[in-house]
Amino acid sequence: LADAKKNPSKHHAEVFILRYSAVWILSVGVVIALATYEWWGRWGYMIYCVSCAAPYVWYPLAFPLKGDVGSPRSDWYILKANLWIAVFSFIGNYWYTHYFYGVLKADYTFDAHRLNDVPIALYFMTHAYFMFYHVLTNCALRRVRSAFRADSRRFVFECVLVGAMAYTTAFMESLTICGFPYYRFEDRDMAYVLGSAFYGIYFLVSFPMFLKVDEAGGKRGAMTHATVFWESMGSGMVVMCLLDFVRLWLGMDFVMKAGGH
């Protein structure tokens, strides 16, 4: 975790994110085990997914975290983290999902409100997942940087670690949602192997970039909300380019259909 003395806002935000993540992850396990989604309908999906993501924002606003008490909200890391992830997860759902539709022949088949043919509920669920993933990888990358001298060997090791975490994260998410029957693949085995590599491209960029947010702590290392917004937007564009480069390499066409497939 971030240093509690040098960077209290980020430290207590990361503690909160990990603790709250355990709550919604447990709820997902219960939902899948009991198959409660079978009777939800589109509003049920929306309410559940919003309820998983919203506490990351409303709880710190209602009950300021220990590292933020007495500080202006513009300095709170928890709000910057939410902003970065909200922008990146929106881009991911709005744009990148269509690569899964086109390249992996995937589709969501449950009844849902949709934006650009992607269930709106998933924009919120992605926010919850990404907040959890990115704090965990913050800890791993910070551990490497604190334990080893900054040289070319550490850089190579960090690149390998980011690649391993990116693929593992993508594969484990694909594996854990396999119990949900309304996410369809034309070839499920290909989706797990190729799809996880494709999905992992998101994290090759986002894991190291998200760590940068207020990492130095204090006024010297603090970012403005505008900087956080544009860095997340830029990261999103890098991922977009990488996904399309892979698509071209695979020799596949890409068509975005607003009305579905």
Side-chain angles (χ1 to χ4, degrees), residues 84-110 112 114-130 132-134 136-137 140-141 155-211 231-261:
W84 202 104
I85 294 297
V87 171
F88 190 74
S89 59
F90 175 84
I91 295 171
N93 281 282
Y94 189 90
W95 291 104
Y96 309 158
T97 303
H98 286 269
Y99 282 88
F100 286 87
Y101 289 168
V103 175
L104 299 176
K105 309 302 180 186
D107 196 12
Y108 295 106
T109 59
F110 60 92
R114 293 186 175 235
L115 175 62
N116 199 28
D117 200 33
V118 179
I120 296 174
L122 296 185
Y123 286 75
F124 293 96
M125 201 68 218
T126 301
H127 187 91
Y129 272 92
F130 280 14
F132 174 59
Y133 296 159
H134 286 76
L136 282 182
T137 55
L141 291 173
F155 175 75
V156 171
F157 178 72
E158 191 171 314
C159 289
V160 172
L161 177 63
V162 169
M165 292 192 300
Y167 186 83
T168 301
T169 300
F171 183 82
M172 291 305 297
E173 182 180 322
S174 299
L175 189 63
T176 54
I177 66 172
C178 67
F180 181 65
Y182 301 112
Y183 188 28
R184 182 179 59 200
F185 298 103
E186 187 174 88
D187 185 334
R188 187 167 289 273
D189 290 335
M190 184 185 75
Y192 285 145
V193 179
L194 177 60
S196 294
F198 210 64
Y199 184 21
I201 291 172
Y202 295 22
F203 305 126
L204 291 177
V205 177
S206 68
F207 285 165
M209 289 300 293
F210 181 75
L211 176 63
E231 289 219 354
S232 185
M233 288 287 284
S235 299
M237 191 62 213
V238 173
V239 174
M240 185 83 155
C241 290
L242 292 176
L243 290 174
D244 215 55
F245 294 157
V246 173
R247 177 190 66 83
L248 291 174
W249 179 67
L250 293 172
M252 295 181 173
D253 293 329
F254 176 76
V255 178
M256 183 178 288
K257 297 180 179 179
H261 311 289

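Computed from a predicted structure; not experimentally measured. Side chains are part of it too, since the values below use all heavy atoms of this structure and drop only hydrogens, waters and symmetry mates.
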Any side-chain donor-acceptor pair under 3.5 Å between Y108 and D117? no

Between Y199 and E173, does any side-chain donor sit less than 3.5 Å from a side-chain acceptor?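 Note: Y199 and E173 side chains meet the donor-acceptor criterion.
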
Between [X] and [Y], what is the shortest heavy-atom contact and its length?
X: S89; Y: T126; answer: CB-CG2, 3.5 Å
X: R114; Y: T109; answer: NH2-N, 4.4 Å
X: E231; Y: W84; answer: C-NE1, 4.1 Å
X: A166; Y: G200; answer: CB-O, 3.4 Å
X: S196; Y: A170; answer: O-CB, 3.2 Å

With sequence neighbours left out, write down each residue that passes side-chain hydrogen bond (donor to acceptor under 3.5 Å, both in side chains) with Y94, or none if nothing qualifies.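 None.
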
How long is the span from the [atom1] atom in [X] to the [atom2] atom in [Y], to the nearest 0.5 Å?
X: R247; Y: F198; atom1: CZ; atom2: CZ; answer: 8.5 Å
X: L250; Y: Y99; atom1: CG; atom2: OH; answer: 12.0 Å
X: N93; Y: L122; atom1: CG; atom2: CG; answer: 6.5 Å
X: S235; Y: I91; atom1: OG; atom2: CD1; answer: 8.5 Å
X: L248; Y: L243; atom1: CG; atom2: CG; answer: 11.0 Å

Tabulate below the donor-acceptor pairs under 3.5 Å that side-chain atoms of residues 202-211 make, not counting sequence neighbours, or state none.
{"from": "S206", "atom 1": "OG", "to": "H134", "atom 2": "NE2", "distance (Å)": "2.8"}
{"from": "S206", "atom 1": "OG", "to": "Y202", "atom 2": "O", "distance (Å)": "3.3"}

Determine whether the aromatic ring centres of residues H98 and Y101 are separated by less than 6.0 angstrom. yes

For V239 and F88: C-alpha separation, side-chain torsions, deciding distance, then whether side chain to side chain contact (heavy atoms under 4.5 Å, CB included) applies. CA-CA 10 Å; V239 174; F88 190 74; 4.0 Å; yes

Please say which of F130, F124, Y96, Y123 ends up in a ring-ring contact (aromatic ring centres under 6.0 Å, His included) with F90. Y123

